[in-house]
Amino acid sequence: MNRIAFLAALLILTIMAIAAPVQKRRTTYSGRGTWFTPSDPKQGGATGACGGHLSDTAMIIALNLNQYGNQNKKSSNCGRTVTITGPHGTAKAKVADCCASCPSKGQIDMTQKLFNKVVGKSSIGVATVHWYFD
């Protein structure tokens with residue numbers, strides 16, 4: 001009887017282990033975080049590489065060239081949500097543009113509002129940030 005109970009318990013544990021959800025690993029990127037003003041024509045203008053109008057106060061990022069891809073086309077990362085952590089806090093944002101002056105993987109350009117929330121003050125200008133796709 002003990003043997004049957006043991007085998008039944010072992011079978012139940014095996015089924016539970018197989019049925020348990022697999023936790024997806026996420027990759028966290030680190031890089032230089034800067035800020036931009038979407039409405040400034042010298043900074044690309046209010047229409048982002050992903051298409052659509054960009055607001056200066058939106059919680060959006062311009063993704064580095066390496067992860068964006070061809071800046072003349074809409075990236076598969078357009079519209080994806082990211083979580084960004086900096087020296088001042090953490091915030092969520094959407095990929096809405098390509099940062100042509102951000103060649104390295106991990107670099108992002110944020111709206112001033114987002115930069116202030118994550119880094120602290122826009123007068124800092126540049127800070128190391130950590131982020132991942134949600």
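Quick note: residue numbers are just sequence positions, from 1. Below, all heavy atoms of this structure are taken into account, side chains as well, without hydrogens, waters or symmetry copies.
- Contact between Asn77 and Arg80 at its shortest, heavy atoms only, is OD1-NH1, 2.8 Å.
- Met110 and Gly33 get closest at one heavy-atom pair: CE-CA, 3.8 Å.
- In this structure, Thr111 and Pro38 approach most closely via the heavy-atom pair CG2-CG, 4.0 Å.
- The aromatic rings of Trp35 and Phe115 are tilted relative to each other, their planes meeting at an angle between 30° and 60°.
- The closest donor-acceptor contact from the side chain of Gln67 to the backbone of Asn64 lies at 3.5 Å or more, if one exists at all.
- You'll find the side chain of Ile108 reaches within 4.5 Å of the side chain of Leu63, heavy atoms only.
- Disulfide criterion (SG-SG under 2.5 Å) for Cys78 and Cys50: met.
- Contact between Ala100 and Gln71 at its shortest, heavy atoms only, is CB-OE1, 3.4 Å.
- Counting heavy atoms from C-beta outward, Ile60 and Leu114 have side chains that stay 4.5 Å or more apart.
- Between Cys98 and Ala62, the shortest heavy-atom contact is C-CB, 3.8 Å.
- Taking hydrophobic clusters as Ile, Leu, Val, Met, Phe, Trp and Tyr residues chained together by side-chain heavy-atom distances below 4.5 Å, Ile84 does not share a cluster with Leu54.
- The residue from Lys92, Lys94, Lys113 that alone fulfils the side-chain contact (heavy atoms from CB on, under 4.5 Å) condition with Met59 is Lys113.
- Between Val129 and Val119, some side-chain heavy-atom pair lies under the 4.5 Å cut-off.
- In summary, the side chains of Thr37 and Asp56 do not present any donor paired with an acceptor at a separation below 3.5 Å, with no hydrogens or angles considered.
- Rounding to the nearest 0.5 angstrom, the gap separating the CZ atom in Arg26 from the CH2 atom in Trp131 is 12.5 Å.
- Contact between Gln112 and Ser122 at its shortest, heavy atoms only, is NE2-OG, 2.8 Å.
- Residues Asn66 and Tyr68 fail the side-chain proximity criterion, which asks for heavy atoms closer than 4.5 Å.
- Remark: Thr81 OG1 to Phe133 CZ distance equals 10.0 Å, nearest 0.5 Å.
- Expressed to the nearest 0.5 Å, how far OG1 of Thr28 lies from OH of Tyr132 amounts to 7.0 Å.
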